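Remarks on the structure that follows.
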Amino acid sequence: MLSDWWRRLVSGAPQPIAADAWQCAVDRLPWVAALDAPRSARLAHLAAVFLHRKTITPVGDLQLSDEDRIALAALCCLPLLEFGEEGLHGWSQLIVYPDAFRVNRTHVDAAGVMHEWEDELIGEAWDSGPLVLSWADVQADIAEPDAGFCVAVHEMVHKIDALDGVVDGTPPLPRAWQSAWARDFQSAYNGFVARVDAGADVEIDAYAAEAPEEFFAVCSEYHFSAPAVLRQALPTVAAHLERLYGRSPFA
Ligand SMILES: [Zn+2]
């Protein structure tokens, strides 16, 4: 009995990532290389929990080595450095396509007419379903780490946003912070959308104007990869994100 219990306990605990394997991930990922030692160690633990709880499934011809999987887990856990492993709740699979992938969309409009179209995506986060990434686009982010893009962070932010049951650009936070967040993000989002609609030259990827949840996800990419641009363009948003994620590795 005791040995069964013990075995279950042991198999239920994440396997720590070996120091040399972690160093390999650090060397590959500029955002991780820029973390100080305590935060790098915390990320290594989060990545180990990620690998323990999530299945990583490559699609088609794509093959992922152990080092690739550790790097993916580390990237996905970057937004959880302060939030913690509770941010991994509610889903179990990371699907990795070799490149951008096509999905069929349908929508029934108010008049009852069905619209169908195809989208080409580099990442997707299903409600309580898998997180999907394009490996080629993850590599492109790594090759240009300060360009304001990080698709793995973007999709993970949708997962964090969804933790309170609604994907609306507001993650679960202590009540007072959440109301300040909702107020500040709404006002920043409205201002951003107005500028995009007016054809202004915006500093942040205009995709952020699609919806409040995309605004949250896109601004989070800038927090990690181009924090100075975000602080300049949207200082109140930058301050909330710094509180949620901690200091940007590139600050
Ligand atoms: Zn998105």
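Atom set for the values below is all heavy atoms of this structure, side chains included, hydrogens, waters and symmetry mates excluded. Indexing begins at 1, ligand by ligand and atom by atom, following the structure's order. Just so you know, these numbers come straight off a predicted model, no measurement behind them. Along the sequence shown, the residues carry numbers beginning at 1.
L230 contributes atom CG, which lies 9.0 Å from atom OG of S248 (distance to the nearest 0.5 angstrom). Note: R105 CZ to H115 NE2 = 15.5 Å, rounded to the nearest 0.5 Å.
Looking only at N/O/S atoms, H154 comes nearest to the Zn ion (ligand 1) through NE2. The name of the N, O or S atom in E214 nearest to the Zn ion (ligand 1) is OE1.
With respect to the salt-bridge test (charged N to carboxylate O, under 4.0 angstrom), the residues R53 and E86 do not qualify.
Side-chain N or O atoms of K54 include one that pairs as donor or acceptor with a backbone N or O of W91 at under 3.5 Å.
Note on E210: not counted as a metal contact of the Zn ion (ligand 1), no N/O/S atom lying under 2.8 Å.
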